[in-house]
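Below is one structure, written out as structure tokens; comments come after it.
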Amino acid sequence: MEAGAVLLASVHLRHIIPLDFDSIDYAPQPDAPHVASSVESEDAQPCLPTIDLESPLAESSLVRACESWGMFIVTNHGIPTDVLEGVEGDALRFFSLPKEDKMKALRAPGGTIGYGVAPLAAVLDKAMWHEGFTMIGSPVEHAKQVWPRDYMRFCETMEEYQKRMKTLSEKILGLLLKNCGGLPSFHESGGPSTTLQLNSYPACQCPKEIFGLAPHTDTSFITIIQQSNVSGLQLFHERHGWISVSPKTGSLVVNVGDMLHIMSNARFLNALHRVTVSRTWHRLSFAYFYGPPADFEVSPIVKTHASGSHQAARFRPVTKREYIRMKNQDPDALSKIKITREG
Ligand SMILES: C=C1C[C@]23C[C@@]1(O)CC[C@H]2[C@@]12CCC[C@@](C)(C(=O)O1)[C@H]2[C@@H]3C(=O)O
Ligand SMILES: O=C(O)CCC(=O)C(=O)O
Ligand SMILES: [Fe+2]
């Protein structure tokens, strides 16, 4: 068998094609039942920090939020309302199409872009009440399959959104890393790796029996999430348990991914989060992932103490490519690169 055929055979289509949302035809999810009921009522919950990016205190607030939560909300982020509304409108236009039209944009086996379930479903071998459309830059090849004559509008909306999100990601990371040399220039390594993922979670008759997205951490440095006005996103916090991150019109959610956790030598928490589904409402979200180039070696930035000695590195250097390969085999890839010291 040729290498390509082996790859094709090893990626089963059931790990790409979303569920049939008109039925409840999925295997029992033993660890998902009553997920929603394990969350405290929203009034009793602590609030995630909200950070005004135009405030003179933005830098210190961002650092504190990453140290204590790994996730925060940003306002005054500079993304115009029409850009936010544009992506929501065009995503809804795509996800509202009949399934056979969406299937024209199906992700290729082993590929990363196009329509399909989140790759996490294959890693965990778990059904999720979710469909996604992933793009890196222009989605033109897939959009053309779906709308042969009218694909440009969708592409322009998505390209503009990604341009704005890249600038915002670099602003946030620049502030976060200001004290330790700033965001590295990825120029010579081919630029940062960036991806936009449109997420759709249709209304579900049995919302307590299945996740929209099962608990996970993102691989990125940071992920910027725009939510439609339906709740569902939850963050795990060691002291508070699962807390809801409710949508607030015009604001964006930012979370720390594994790569920034590693680069900050575990100072910044990588956010463990999940998505629950609603019996009544169709929820959409748009996640922009900003990470290092695939072959750029990410190493912990360690502090030098006043005495001249260095803080110990808690992880060995790793490229995103190698890390993803490990994470695809075991979601707890961090433990594989942890440096343990005896004595
Ligand atoms: C750039 C990416 C990050 C992501 C894998 C992907 O290639 C595109 C989808 C992303 C996503 C979204 C849902 C959760 C997640 C773990 C998954 O399965 O697909 C993330 C991936 C990630 O952060 O590793
Ligand atoms: O739908 C959401 O709010 C979060 C999506 C998410 O976690 C992801 O795309 O990685
Ligand atoms: Fe995520």
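Side-chain atoms are counted along with the backbone in the values below, which use heavy atoms only and exclude waters and symmetry mates. Numbering of ligands and ligand atoms starts at 1, following listing order.
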Subject >> Ligand-residue contact atoms, ligand 2 with His273, heavy atoms, under 4.0 Å >> reply: 7 (O)
Original post:
What residue and heavy atom of the protein are closest to atom 4 (C) of ligand 2, and at what distance?
Top reply: Val275 CG2, 3.7 Å
Subject >> Geometric N/O contact Gln227 with ligand 2, under 3.5 angstrom >> reply: no
Original post:
In terms of atom number and element, which parts of ligand 2 are under 4.0 angstrom from non-hydrogen atoms of Ala287?
Top reply: 9 (O)
Original post:
In the protein, what heavy atom is nearest to atom 2 (C) of ligand 2, and what distance, to one decimal place, separates them?
Top reply: Ser285 OG, 3.2 Å
Subject >> Carboxylate-amine/guanidinium proximity below 4.0 Å for Glu159 and Lys163 >> reply: no
Subject >> Minimum-distance N/O/S atom that Asp218 presents toward the Fe ion (ligand 3) >> reply: OD1
Original post:
Are the charged groups of Asp332 and Lys327 less than 4.0 angstrom apart, N to O?
Top reply: no
**OP:** Return the residue, atom name and 0.1 Å-rounded distance of the protein heavy atom closest to atom 9 (O) of ligand 2.
**Re:** Asn199 ND2, 3.0 Å
Original post:
Distance-only, no hydrogens or angles: does the Ser228 side chain make a donor-acceptor pair with backbone N or O of Leu284 under 3.5 Å?
Top reply: yes
**OP:** Could you tell me the residue and atom name of the protein heavy atom closest to atom 1 (C) of ligand 1, and the distance to it rounded to 0.1 Å?
**Re:** Thr195 OG1, 3.3 Å
Subject >> Tyr290 side chain to Glu170 side chain, donor-acceptor N/O pair below 3.5 angstrom >> reply: yes
Original post:
Distance-only, no hydrogens or angles: does the His273 side chain make a donor-acceptor pair with backbone N or O of His216 under 3.5 Å?
Top reply: yes
Original post:
In terms of heavy-atom contacts, does CZ of Arg314 have more than 12 from other residues, nucleotides or ligands at under 6.0 Å?
Top reply: no
**OP:** Check each heavy atom of Phe289 against ligand 2 and say whether those closer than 4.0 Å belong to the side chain, the backbone, both or neither.
**Re:** side chain
Subject >> Neighbour count above 12 (heavy atom, 6.0 Å) for Asp295 CG >> reply: yes
Original post:
So which heavy atom in the protein is nearest atom 10 (C) of ligand 1, and how far is it from that ligand atom?
Top reply: Phe289 CZ, 3.6 Å
Subject >> Residue and atom name of the nearest protein heavy atom (relative to atom 9 (C) of ligand 1), distance in Å to one decimal >> reply: Gln197 OE1, 3.4 Å
Subject >> Thr319 and Glu297: CA distance, side-chain angles, deciding distance, side chain to side chain donor-acceptor pair (under 3.5 Å) verdict >> reply: CA-CA 4 Å; Thr319 65; Glu297 214 163 67; over 6 Å; no
**OP:** Look only at interatomic distance and state if Gln197 has a nitrogen or oxygen under 3.5 Å from any nitrogen or oxygen of ligand 2.
**Re:** no
Subject >> Heavy-atom check, side chain of Phe133 versus side chain of Gln197, under 4.5 Å >> reply: no
Original post:
For ligand 1, which atoms, with element, lie under 4.0 Å from some heavy atom of Thr134?
Top reply: 8 (C)
**OP:** Would you confirm whether any non-hydrogen atom of the protein falls under 4.0 Å from atom 12 (C) of ligand 1?
**Re:** yes
**OP:** Around atom 16 (C) of ligand 1, find the nearest protein heavy atom and jot down its residue, atom name and distance.
**Re:** His216 CD2, 3.8 Å
Subject >> Test item, Arg283 contacting ligand 2 (heavy atom, 4.0 angstrom) >> reply: yes
**OP:** Provide the number and element of each atom of ligand 2 under 4.0 Å from a heavy atom of Asp218.
**Re:** 10 (O)
Original post:
Can you tell me which residue and heavy atom of the protein come closest to atom 5 (C) of ligand 1, and the distance to 0.1 Å?
Top reply: Pro119 CG, 4.2 Å
Subject >> Trp281 side-chain N/O to Ala203 backbone N/O, donor-acceptor pair under 3.5 Å >> reply: no
Subject >> Within 45° cone of Trp69 ring axis and under 6.0 Å: Arg64 NZ or CZ >> reply: no
Subject >> Donor-acceptor contact below 3.5 Å, side chain Ser244 vs main chain Ser246 >> reply: no
Original post:
Taking the minimum heavy-atom distance to atom 6 (C) of ligand 2, which of Val253, Val230, Leu213 ranks first?
Top reply: Leu213
Original post:
Which heavy atom of the protein is the closest neighbour of atom 23 (O) of ligand 1, given with residue, atom name and distance?
Top reply: Thr219 N, 2.9 Å
Subject >> Heavy atom of the protein closest to atom 18 (O) of ligand 1 (residue, atom name, distance) >> reply: Leu120 N, 2.7 Å
**OP:** Please check if the side chain of Asp52 supplies one atom and the backbone of Glu54 the other of a donor-acceptor pair under 3.5 Å.
**Re:** yes
